[in-house]
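To start, the structure itself, in structure tokens.
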Amino acid sequence: MTTFHELAIVCERIESISSSLAITQEVATFLRALEESELAVCPLLLMGTVFAEWRGLELGVGKSLLYAALSSASGWSARQLDELLREMGDVGRMAEEALRRRAQRTLLSAFGDDGGLSVLEVYDILERIARAEGRGSQGQKVQHLEYLFSSCSPLEARYLARLVMGEMRIGVGEGIVRDAIAQAFGVSSEEVERAYMFTGDLGEVAVLAMRKGSEGLREVRIRLFRPIRVMLAQIAPGISAALEEMGEAAVEWKYDGARVQVHIQGSEIRIFSRRLEEVTHPLRDVAEALLGCIDAREAVLDGEAVAYDPSGRPRAFQYVLRRFRRKYGIEKKRKEIPIHLFLFDCLHVDGKPLIDESLRERRRTLEQIVRESGVVSVAKQVITSDEEEASAVYHEALDAGHEGIILKKLSSPYIPGRRGKHWLKVKPLMETLDLVVVGADWGEGKRAHFLSSYYLACIEDDTGRLLEVGKVATGTTEEQLAEITEMLKPLIISQEGTYVRLEPVKVFEVAYEEIQRSPNYPSGYALRFPRFVRVREDKSPAEADTLSRIEELYARFQ
DNA sequence: TCTGATGCGTC
DNA sequence: GTCGGAC
DNA sequence: GTCCGACGACGCATCAGA
């Protein structure tokens, strides 16, 4: 039996190592020593995930329930915990410190291993937390958590807190675990990876590797109604660079919607999202349409679901979200916001796996089995090596209201879960905005003790008032992060938990992908994918961009 | 019965 | 989704 | 090239508490 304490010890050791090879080695050694039932869950725990995606279980615990549980277990108030979080810069360290400083009370785990939690007990209780629902469920979740924290040593609490928040921060992700499983059980990383594509569960793969080795891993096949991880695209600096990379390419429109994977067998159909959640019911109109237009007994298809207005113009991404995870009012919304499905790949048809076939071959099959309808079509594609021609497709896509293009290598197989150079996306660069910094958040983890997230405002034309348009937190180097923190510190007006209000004197140049309507920000607009470009030392707040400029930019791309 | 906060998925 | 940093 | 972690906005479901 493995105790949670042992897991915590390993995590602490790993956290102190920077070499990924050495980390892999540690993980492999740990995995090898586990019993089978533990092996099914520990690979995920090390990554800070509790449940495999396909299980569809969620903890439903975030910072606020964590505070509630820690309050009971440690005697600290939620407010004190928030201050402690800022001080420690990490939820794990916060929990650890809160327990360390708690009023003395019974602490079983301090007196030997007999009272300590086992890994499986912790997992079991986390599952109960996930399954709690209905009236009083938050109270139950908190009670379970409180029990765990009360039975924990401070070190265990560090990793327990991070685990429930879904962030272990020890440098172990899918890649490391994949290699560690390979190393632990004498199989190749490629074999582990392949089995992982089809099962979506590294715990299951680890058990399989232990019991049956390479042979077992190679037997894993794509299964109908068990979604597989989707292939992703990499950003290319431009069309010419992308074409240079691949020569002749399949150039496809990049639709701004949500990724879906369709599994059909006879009259049965299921639609899955990118994270392998089932979304058949909210998209039942799409499902019905698909049942009528696929000429195959069984098929697994890949595509993008896009929102349209009734006149046939694609709508902003926000509208897809209104359909996507909906449980109520589906009928009403399907009329308001029709969804169109563009299929661009096919991974399995009539018992035949296709992922190892070339894109050219898969596309041919796709075109054969799809009869286009008002709801379903095959994604637009032009095969070319000519920059002008590709550029024409690009502008066509943008004019039609889409995101850009994807260039795909015709000879490439479908590689689930990978973001490789076989698929390259090209999107336009937007003009930047100069915005006033009016607040900031203290960071966590490697950003602890830095002001790392900045609240931005534009200027209301008539009044000169500052109106928030969102936050930016990426695009800075570590060096800039330190400089900016020093620059902003003297401007702090007030502080509450990790939030800091600032005198509005600094201006940041910010890049973004798109301007959205926002129901949340006072300006009525927000930036999609904002990133920091530079500090505008040369600009005073009065010279920052105005609301009317933002309105113009928004209107230009509608 | 309604509203606001929270959690979690999409990008 | 974006980005920077480590390897 | 690949992996990892630290972060962005939005919309829906859920639950607690008024």
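- Side-chain nitrogen and oxygen atoms of A/K425 include at least one within less than 4.0 Å of the OP1 or OP2 phosphate oxygen of C/dT2.
- We find that CG of A/L481 is positioned 12 Å from C1' of C/dC3, with the value rounded to whole Å.
- A/R419 has its CZ atom 12 Å from the P atom of C/dC3, to the nearest Å.
- The stretch residues 511-525 of chain A does not touch DNA chain C, since none of its heavy atoms comes less than 4.0 Å from the strand.
- In this structure, A/Y67 places its OH atom 17 Å from P of B/dA5, rounding to the nearest Å.
- Taking atom CZ of A/R326 as the reference point, atom P of B/dG9 lies 18 Å away to the nearest angstrom.
- Comparing atom distances between the A/E58 side chain and each of B/dC11, B/dG9, C/dT2 picks out B/dG9 as nearest.
- Applying the 4.0 Å criterion to OP1 and OP2 of B/dG7, one finds that A/S64 has a side-chain N or O inside that range.
- Counting 5' to 3', DNA chain D first comes under 4.0 angstrom of a heavy atom of chain A and last does so at the ends given by D/dT2 to D/dG17.
- Between C/dG4 and A/T474, no contact under 4.0 Å exists linking OP1 or OP2 to a side-chain N or O.
- Atoms CG (A/L276) and P (B/dC8) sit 17 Å apart, rounded to a whole Å.
- Only at 4.0 angstrom or more do the heavy atoms of residues 434-444 of chain A sit from any atom of DNA chain C, so none qualifies.
- The closest donor-acceptor contact from the side chain of A/T498 to the backbone of A/R86 lies at 3.5 Å or more, if one exists at all.
- When the C1' atom of B/dG9 is taken as reference, atom CD1 of A/I271 falls 17 Å away, rounded to whole Å.
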